[in-house]
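Below: one structure, written as structure tokens.
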Amino acid sequence: MDISHILNSLNDAQRSAVTSDAKHLLVLAGAGSGKTRVLAHRIVWSVEAEGVSPYSILAVTFTNKAAGEMKQRIYDLLSRPVQGMWIGTFHGIAHRLLKAHWSDAGLSENFQILDSEDQLRLIRRCMKELNVDEKRWPAKSLQFFINDQKDEGLRPHQVDVSGDPFKRHHQKVYEHYEAACQRGGLIDFAELLLRAYELWQKTPSLLQHYRERFQHILVDEFQDTNTIQYKWTKLLMNESNRITVVGDDDQSIYGWRGARVENIHNFAQRFAPCETIRLEQNYRSTQTILSAANALIANNSDRLGKELWTEGNGGEPISLYSAYNELDESRFVVERVKQIVEERGGHYKDIAVLYRSNAQSRVLEEGLIRADIPYRIYGGLRFFERAEIKNALAYLRLTQSLHDDAAFERVVNLPTRGIGDRTLEKIREIAKIEQVTLWMAAEKVVDRQLLPTRAANAVRGFLELVMGLRESTQALELWERVEYINSGSGLIEFHKKEKGEKGKARIENLKELVTAAKYFEPEEDPLVEFLGHAALESGEGQAAPDQDCVQLMTLHSAKGLEFPYVFLVGMEEGLFPSQMSLQEEGRLEEERRLCYVGVTRAMQKLYLTHAESRRIYGDERQPILSRFVRELPDELIEEVRINATVSRPAMMQGSGAHADSECEFRLGQRVHHAVFGVGTVIQVEGEGAHERVQVKFDREGAKWLMATYAKLEPVELA
Ligand code: ATP
Ligand code: MG
């Protein structure tokens, strides 16, 4: 069999790593030097050249996305399709193990995974049951504590609390929480790892089985493994298995979440005999980008130390833009994105916008939506996507506009009130024939006695309920309004009747919506803006998964990825480096490594931006330029000025527009409606039969309409 293709596209150092006979191998190398590539090639090499069974390979990546890419790389290189490899994240693999051996692991067969929001909620409930005051002991810090202990492999009784009242207190909640999880058949992320570890520990026959099975274990991004992941890996090793790890100590960015960079520092010694290979050539970035990265990371002490070089060209200077404020920053990004696509022939997917904190995405998203640029957020908030939240929002929207057809459809029979499909059909029919909104049609249907009495009463009941909510909430503050509607609509009562965890979680989410409203900071019209905010958060403005679109993500989630064009936004003291890292010992260096990760994602061109004034987390600041920018050599940087007047653009009223140019209506389009007259399209959501548009009518104000019923006519501008 010809296996030369596996080695062809590798340099000498990479080739010796791929083909190394060493039992234990450490590849220690900087960003973009081909570590992940080596890992994939080594797997293929061992299968094709060494005859290792795919069944005996276990490969661990840091994210699911990376696992997907790894599989793709491997399948592309293999000469034939293979089965049986385990490739996934530590969490994914642990989950798989627990699913297979739930009984040995002391779990119920259909155990559920708690995401971190669910976890926080359950912790809150435990605290209530224990009468722990959340003002004194924030639930979040307890969540941190519990996960920390688990990451260290410690059960409540193993936590050393001697003489530490703070810890003793936390331990009590941990204990209570653990019991609640066990009763409910629930498993949080940290528990996945700890359980999988304990499973092997207490079931020697099982451990023996997997030790025999996984002859070759390979781990990417090893610098960010935590204690339990390390122990788990170590446990799997015996005399005959081999392990290959790759990583970069300069990219260790999860110390705050329990990752132990010592794991890579000490690897060679702990897994002796071990061969260590260093890769120094970078294949990703231009010399300019690389020089910037090298200069930046040189400010850290305690490094294993490595310099990267590239044969790549010098490349363009790094652009630095000083924005007037966060809106101007967003405007700059949008402008450059357009330039990249229109003038430089780039694709949207070649562009990544990276930020330190999730909260920064809001303004960027608004800018992109306004410019009709498709984008996608990785790891964004999911809160507003939940069904119960959408229901509550639908009631809220109806109280804002009775003619919001989509909201009407959503909750007309929720909670169930005996409005069946037949009744709804009738209402839709009238709406279509008479070209009115569903609300108006419902009124007509009742007035003209077109329905059997039971159904008519049900519809009347709904109309009266909404009218009642509308009247009672008009004068209330936004958050009071949300609270009122939660119960007034019957939603809370409805979910109370649901059995088990689900119903409780839904009620808690509804309460959380009240909190979200409390902290929401409107500019002018709280309700309208809050609804716009929610639409945006629910991801309706996001591009479809396979669409060519700009990639937005936090710096943490960008690890391991690469993009031709990268924007690092918010380069300000207090934001990046974060305020916390400035206050806590030892955090600054991790923050700098995070910046190093960001810079080294860029292949061709890097843009840095900062704002002279920024509204974030509910206050306005005048931050100074990040030290990380100041640490970059001047000659690599070019300051950008835009010749446009800098002004605070008016906030869009609501957002969440669909960025698909295929859809029938475009933002800003002028349209005519038979009843409401002329208006401007300000939002478009959904597709086909579900397409709905929000139109701001000149006379009647903003209204949501189902495109299929509304019969909107485009208005030609004279
Ligand atoms: P990171 O530290 O960011 O995870 P990495 O060390 O894992 O980076 P890779 O992602 O494996 O680096 O490789 C970086 C880029 O360089 C990829 O696009 C890869 O295909 C390319 N590359 C690596 N080695 C070579 C090579 N020998 N010839 C051509 N391209 C290469
Ligand atoms: Mg990599």
Side-chain angles (χ1 to χ4, degrees), residues 4-19 25-45 59-74 76-77 87 89 218-225 244-254 259 261 264 277-287 289-290 292-294 296-297 303-304 306-313 315 349-350 352 354 551 553 555-566 568 593-604 606:
S4 59
H5 68 283
I6 308 172
L7 304 179
N8 274 346
S9 54
L10 299 171
N11 65 31
D12 289 348
Q14 292 173 333
R15 201 172 299 131
S16 55
V18 166
T19 60
L25 177 69
L26 164 66
V27 178
L28 182 71
S33 58
K35 295 182 296 299
T36 303
R37 189 185 180 96
V38 161
L39 211 64
H41 283 245
R42 187 160 166 79
I43 290 171
V44 176
W45 177 259
V60 186
T61 61
F62 201 75
T63 60
N64 290 323
K65 189 167 157 57
E69 281 168 16
M70 173 74 73
K71 279 181 204 158
Q72 196 54 51
R73 284 196 202 195
I74 291 173
D76 289 348
L77 283 166
I87 303 174
T89 61
L218 304 100
V219 188
D220 198 1
E221 306 274 5
F222 195 72
Q223 75 281 357
D224 272 325
T225 48
T244 298
V245 307
V246 310
D248 177 5
D249 58 309
D250 287 334
Q251 294 186 70
S252 136
I253 54 176
Y254 280 96
V261 72
I264 198 163
I277 293 182
R278 289 173 182 257
L279 310 174
E280 273 159 359
Q281 181 170 0
N282 169 293
Y283 288 90
R284 181 180 291 150
S285 311
T286 64
Q287 186 58 58
I289 291 165
L290 215 51
N294 282 338
L296 174 77
I297 202 66
R303 301 173 54 215
L304 292 174
K306 48 196 139 27
E307 282 280 313
L308 285 172
W309 59 275
T310 175
E311 274 176 356
N313 55 13
K349 67 173 165 35
D350 298 338
L354 310 181
Q551 322 273 311
M553 66 192 88
L555 284 146
H556 280 99
S557 16
K559 200 165 80 150
L561 308 178
E562 59 189 20
F563 308 90
Y565 303 92
V566 170
L568 299 188
R593 291 193 292 269
L594 187 58
C595 188
Y596 174 79
V597 167
V599 169
T600 53
R601 296 312 95 197
M603 299 162 80
Q604 293 171 29
L606 179 65

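Below, each value reflects all heavy atoms present in this structure, side chains not excepted, and no hydrogens, waters or symmetry copies. In listed order, ligands and their atoms are each counted from 1. All values reported here derive from a predicted model rather than from experimental measurement. The residues of the chain are indexed from 1 along the displayed sequence.
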**OP:** For residues Arg37 and Tyr283, determine if any side-chain heavy atom of one lies less than 4.5 Å from a side-chain heavy atom of the other.
**Re:** no
Subject >> atom 8 (O) of ligand 1: nearest protein contact (heavy atom, Å) >> reply: Gly32 N, 2.9 Å
Subject >> Side chain, backbone, both or neither: Met603 near ligand 1, heavy atoms under 4.0 Å >> reply: neither
**OP:** Would you confirm whether Gln14, through its side chain, and Val38, through its main-chain N or O, come within 3.5 Å as a donor-acceptor pair?
**Re:** no
**OP:** Identify whether the distance between the nearest side-chain nitrogen and carboxylate oxygen of Asp76 and Arg73 falls below 4.0 Å.
**Re:** no
Subject >> From Ser285, Ala13, Ala29, Gly34 - option closest to atom 12 (O) of ligand 1 by heavy atom >> reply: Gly34
**OP:** Quick one: closest heavy-atom pair of Lys306 and Leu28, and the distance?
**Re:** CE-CG, 4.3 Å
Original post:
With distance as the sole test, does His556 use its side chain to make a donor-acceptor pair with the main-chain N or O of Ile253 at under 3.5 Å?
Top reply: yes
Subject >> Protein heavy-atom partner closest to atom 16 (O) of ligand 1 - residue, atom, separation in Å >> reply: Tyr283 CB, 3.2 Å
Original post:
If you measure from each non-hydrogen atom of Asn11 to ligand 1, which part falls under 4.0 Å: side chain, backbone, both or neither?
Top reply: backbone
Original post:
Can you tell me the protein heavy atom closest to atom 27 (N) of ligand 1 and the distance?
Top reply: Gln14 OE1, 2.8 Å
Subject >> Expected output: side-chain Gln287 to main-chain Trp309 donor-acceptor under 3.5 Å >> reply: no
Original post:
With a 4.0 Å cut-off on heavy atoms, is Ala40 touching ligand 1?
Top reply: no
Original post:
Does Glu311 reach ligand 1, in the sense of a heavy atom lying below 4.0 Å from it?
Top reply: no
Original post:
What closest approach, in Å, do Gln223 and Val246 show between heavy atoms, and which atom pair accounts for it?
Top reply: OE1-O, 4.4 Å
**OP:** Report the nearest protein non-hydrogen atom to atom 2 (O) of ligand 1: residue, atom name, distance rounded to 0.1 Å.
**Re:** Lys35 NZ, 2.6 Å
**OP:** Mark up the atoms of ligand 1 that fall under 4.0 Å of a heavy atom belonging to Leu10, in ascending order.
**Re:** 27 (N)
Original post:
Which residue supplies the protein heavy atom nearest to atom 14 (C) of ligand 1, what is that atom called, and how far is it?
Top reply: Glu562 OE1, 3.4 Å
Original post:
So which heavy atom in the protein is nearest atom 4 (O) of ligand 1, and how far is it from that ligand atom?
Top reply: Gly560 CA, 3.7 Å
Subject >> Short side-chain to backbone donor-acceptor contact, Asp249 and Arg303, under 3.5 Å >> reply: no
Original post:
atom 11 (O) of ligand 1: which protein heavy atom is closest, and how many Å away?
Top reply: Arg37 N, 2.9 Å
**OP:** Go through ligand 1 atom by atom and flag the ones less than 4.0 Å from a non-hydrogen atom of Gly30.
**Re:** 6 (O)
**OP:** Answer with yes or no whether Asp248 contacts ligand 1, where contact means a heavy atom under 4.0 Å from a ligand atom.
**Re:** no
**OP:** Could you tell me whether Arg601 approaches ligand 1 through its side chain, its backbone, both or neither, with non-hydrogen atoms closer than 4.0 Å?
**Re:** side chain
Subject >> Where ligand 1 meets Ser9 - atom numbers and elements under 4.0 angstrom, heavy-atom basis >> reply: 26 (C), 27 (N), 28 (N)
Original post:
At a 4.0 Å threshold, what atoms of ligand 1 neighbour a non-hydrogen atom of Arg73?
Top reply: 10 (O), 11 (O)
**OP:** Assert yes or no for the condition that the ring centre distance of Phe62 to Phe222 is strictly below 6.0 Å.
**Re:** no
Original post:
Between Arg601 and Ala31, which heavy-atom pair has the shortest distance, and what is it?
Top reply: NH2-CB, 3.8 Å
Original post:
Ignoring hydrogens and geometry, is there a side-chain-to-backbone donor-acceptor pair from Arg15 to Leu10 under 3.5 Å?
Top reply: yes
Original post:
With distance as the sole test, does His41 use its side chain to make a donor-acceptor pair with the main-chain N or O of Val18 at under 3.5 Å?
Top reply: no
Original post:
Which residue supplies the protein heavy atom nearest to atom 10 (O) of ligand 1, what is that atom called, and how far is it?
Top reply: Arg284 NH2, 3.2 Å
